Engineer: 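This is the structure, below, for whatever I ask next.
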Amino acid sequence: MEQKPTKSFIHAIIEDDLGTNKPGTAVHTRFPPEPNGYLHIGHAKSICLNFGLAREYSGKCNLRFDDTNPTKEEVEYVQSIQEDVRWLGFDWEDREFYASDYFEKLYEFAVFLIRKGRAYVDDLNADEIRQYRGTLTEAGRESPFRGRSVDENLDLFKRMREGEFPDGSRVLRAKIDMASPNLNLRDPVMYRVLRQTHHRTGDKWCIYPMYDFAHGQSDSIEGITHSICTMEFEDHRPLYDWFLDELEIYHPRQIEFARLNLSYTLMSKRKLLKLVEEGHVTGWDDPRMPTISGLRRRGYTPEAIRDFCDRIGVAKRDSMVDIALLEHCVREDLNRRAPRVMAVIRPLRVVIENYPEDQMEELEALNNPEDPQMGIRRVPFSRAIYIEREDFMEDPPKKFFRLAPGREVRLRYAYFVRCTGVIKDEKTGEVIELRCTYDPATRGGDSPDGRKVKATLHWVSAPHALKAKVRLYEHLFVRPDPSESKEGEDFASLLNPASLEVLDPCYLEPSLEKANQGDRYQFERLGYFCVDSKDSSPEKPVFNRTVTLKDAWAKIQKG
RNA sequence: UGGGGUGUCGUCAAGCGGUAAGACACGGGCCUUUGGAGCCCGCAUUCGGAGGUUCGAAUCCUCCCACCCCAGCCA
């Protein structure tokens, strides 16, 4: 069940604004990603918040790409972002905007500030600007070019645009206060010279506005009522306010919240990019990645992700959410929706000695005990089957109640079987086959005499089995907080070597023949799996494990 | 040691002067043809610390402590 989320401090602010300050104004938010990477679960939090707020208060939410740095942005990223937002279940209708849509307007804004004597062209290079900026505890010094006349600044800025000066040679700066304790106010750079083809404007521009000179104005232009962003921008708010005031334009209300951190993974786009580039994962959509596309390929549902975002809440304090909560959300969703099926991933062959050689029968199985509406299917049974290796122990400890020599268990939807023999490899001593007998009176799994068994095993008929490759995924990192690496320690060294285990061949019940890419199933007693949307084919099916089922036995084993 | 933030259960998170919600995790029990699911019970005498105000404080005041962010021509 998706629980009703408790209202956040942002809801309180908005309701207050709606009730008093801005009667009649509808809520208008925006989700403003930079197209320099794929969206991750942290972005999902922001997406759910922004689109969710618009939904809750009958407002609108724009999708706006903050594309002010062409050196890092690509159309591939904008496409993936569009796809992911849509997949999550949100619609920006015709309100798809780009900061680059406003380049001309932003240029005019800059000229306006120059005319007002509030901006100047600086010839200092990047290194010099840094030195002049001062430190956290010492005031900065004013640039020797700070006093240029309005006309000279106008001329120089125009020529910057016209391409007269090389990259990095000059910048346009806001004239604010080099002694401000807030470094963002120490004459921040507004424009830089950058000869770089932009994914939308091409080579039209060779100067590009800084994010700080674009973001607030973009929100203002779009009439955003509540500009929701993450905490690190709290320090920038005074700067945005300064620009908006000096520009004499509409002020959105900025509200900051804490970004999401999830245990055993990373949220830094830079580090995720590194994992991709260095080949630690197969791509942005590797099922181990915390990206939306990775989670999608892993088998997560949009519903589960939205539910997760509702449950984690929104606040201002730094936090680290336990990935177990995310896993709980998918399990809960998939438990209701995923059809059950039997698959043996670490096969152990079992021959039922008293079952007739050439006999085969079809047994009825429930597609989902949680939902009778999902109906039943028939599963073939025969003399030779596969069971899970882990379901047999030759010398079981007391708490193990699966199959063991002489012991009787139930084969799900089939029969009670008793282990009568163990065949081992002569050299290695490894168990390679089991011999069992079955009780024909227990067909379907019920015993007419009322005798009980302590375990029910899943199985697959050997001659009917479908072969498939199965990938088991685990946490990407071994440490709860991989960003907290010691000095000199490469975060890549914290990768979990067991984050991917490939099992091949695995045996599936034949009903899975009709499985299509993206389809999700519960492999009984093992977990939720989905057909890989890239690598799977009818000839060679590939299943990804989304998440295991909760496993009481595993817990007992760990002690 | 400048500025901006934040500190409530193992992890998130409500609470807004009237005597600590909820979720996940964890522990126990019931039930069970998935050691799944479901159901039941338990789980902060205490809110970073110390003072103070008040009949009454997690909520107000004072001081202290801890953690996070800021010195990109990144966003």
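If you're wondering where the values come from, they're calculated on a predicted model, not measured in any experiment.
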Engineer: Could you check whether A/Ile129 gets within reach of a base, just the sugar-phosphate, or nothing at all, counting any heavy atom under 4.0 Å?
Structural biologist: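 Contact class for A/Ile129: base.
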Engineer: Could you pull out the closest heavy-atom pair between A/Arg186 and A/Thr135, with the gap in Å?
Structural biologist: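 A/Arg186 and A/Thr135 have their closest heavy atoms at NH2-O, 2.7 Å.
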Engineer: Quick one: which of B/A37, B/G35, B/C73 gets closest to the side chain of A/Glu370?
Structural biologist: B/A37
Engineer: The side chain of A/Arg317 lies closest to which of these nucleotides: B/A14, B/C24, B/C68?
Structural biologist: B/A14
Engineer: To the side chain of A/Leu136, which of B/U11, B/G2, B/U34 is closest?
Structural biologist: B/G2
Engineer: Say we look at B/G48 and B/U11: how far apart would their P atoms be, to the nearest angstrom?
Structural biologist: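 Pairwise P distance, B/G48 against B/U11, rounds to 14 Å.
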Engineer: Looking only at the side chain of A/Arg412 (C-beta and beyond, no hydrogens), which of the listed nucleotides B/A75, B/G35, B/U34 gets closest?
Structural biologist: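 The closest nucleotide is B/U34.
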Engineer: Could you identify the nucleotide paired to B/U6, looking across every strand shown and requiring Watson-Crick or G-U wobble geometry with both distances under 3.5 Å?
Structural biologist: B/A66
Engineer: For a quick check of understanding: with a heavy-atom distance under 4.0 Å over all strands, which category does A/Val314 fall into, base, sugar-phosphate or nothing?
Structural biologist: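 Sugar-phosphate contact only.
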Engineer: Can a donor-acceptor pair under 3.5 Å be found between the side-chain atoms of A/Glu256 and the base atoms of B/G4?
Structural biologist: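 Such a pair does not exist between side chain and base.
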Engineer: What's the closest nucleotide to the A/Ala315 side chain, out of B/G2, B/A13, B/C73?
Structural biologist: B/A13
Engineer: Walk me through it: do A/Glu76 and A/Tyr38 pass the test side chain to side chain donor-acceptor pair (under 3.5 Å)?
Structural biologist: CA-CA 9 Å; A/Glu76 176 194 348; A/Tyr38 280 59; 2.6 Å; yes
Engineer: Could you please name the option among B/G35, B/C12, B/C26 that lies closest to any side-chain atom of A/Lys555?
Structural biologist: B/C26
Engineer: Is any side-chain N of the basic residue among A/Glu234 and A/Lys316 closer than 4.0 Å to the acidic one's carboxylate O?
Structural biologist: yes
Engineer: Of the candidate nucleotides B/A37, B/U11, B/U34, which contains the atom at the shortest distance from the side chain of A/Lys550?
Structural biologist: B/A37
Engineer: Hey, is the side chain of A/Arg402 pairing donor to acceptor with the base of B/G35 inside 3.5 Å?
Structural biologist: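 Such a pair is found, so the answer is yes.
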Engineer: Between B/A57 and B/A50, how many Å separate the two C1' atoms, rounded to a whole number?
Structural biologist: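 My reading of the C1' atoms in B/A57 and B/A50 gives 15 Å.
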Engineer: Look at the side chain of A/Leu325 and decide which nucleotide, out of B/G72, B/A37, B/A23, has an atom nearest to it.
Structural biologist: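 Comparing B/G72, B/A37, B/A23 against the side chain of A/Leu325, the answer is B/A23.
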Engineer: Given B/G36, B/G5, B/A71, identify the nucleotide with an atom nearest to the side chain of A/Lys316.
Structural biologist: B/G5
Engineer: Whether A/Asp101 and A/Arg200 form a salt bridge (side-chain N of Lys/Arg under 4.0 Å from carboxylate O of Asp/Glu) is what I want to check.
Structural biologist: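 Between A/Asp101 and A/Arg200 there is a salt bridge, with a charged N closer than 4.0 Å to a carboxylate O.
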Engineer: C1' atom, B/U32 versus B/C39: distance in rounded Å?
Structural biologist: 11 Å
Engineer: Which of the following nucleotides, B/A14, B/C12, B/G5, is nearest to the side chain of A/Thr6?
Structural biologist: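 When the side chain of A/Thr6 is considered, B/A14 is the closest of B/A14, B/C12, B/G5.
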Engineer: When rounded to the nearest Å, what value does the distance between C1' atoms of B/A58 and B/G7 take?
Structural biologist: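 Taking atom C1' in both B/A58 and B/G7, they lie 12 Å apart.
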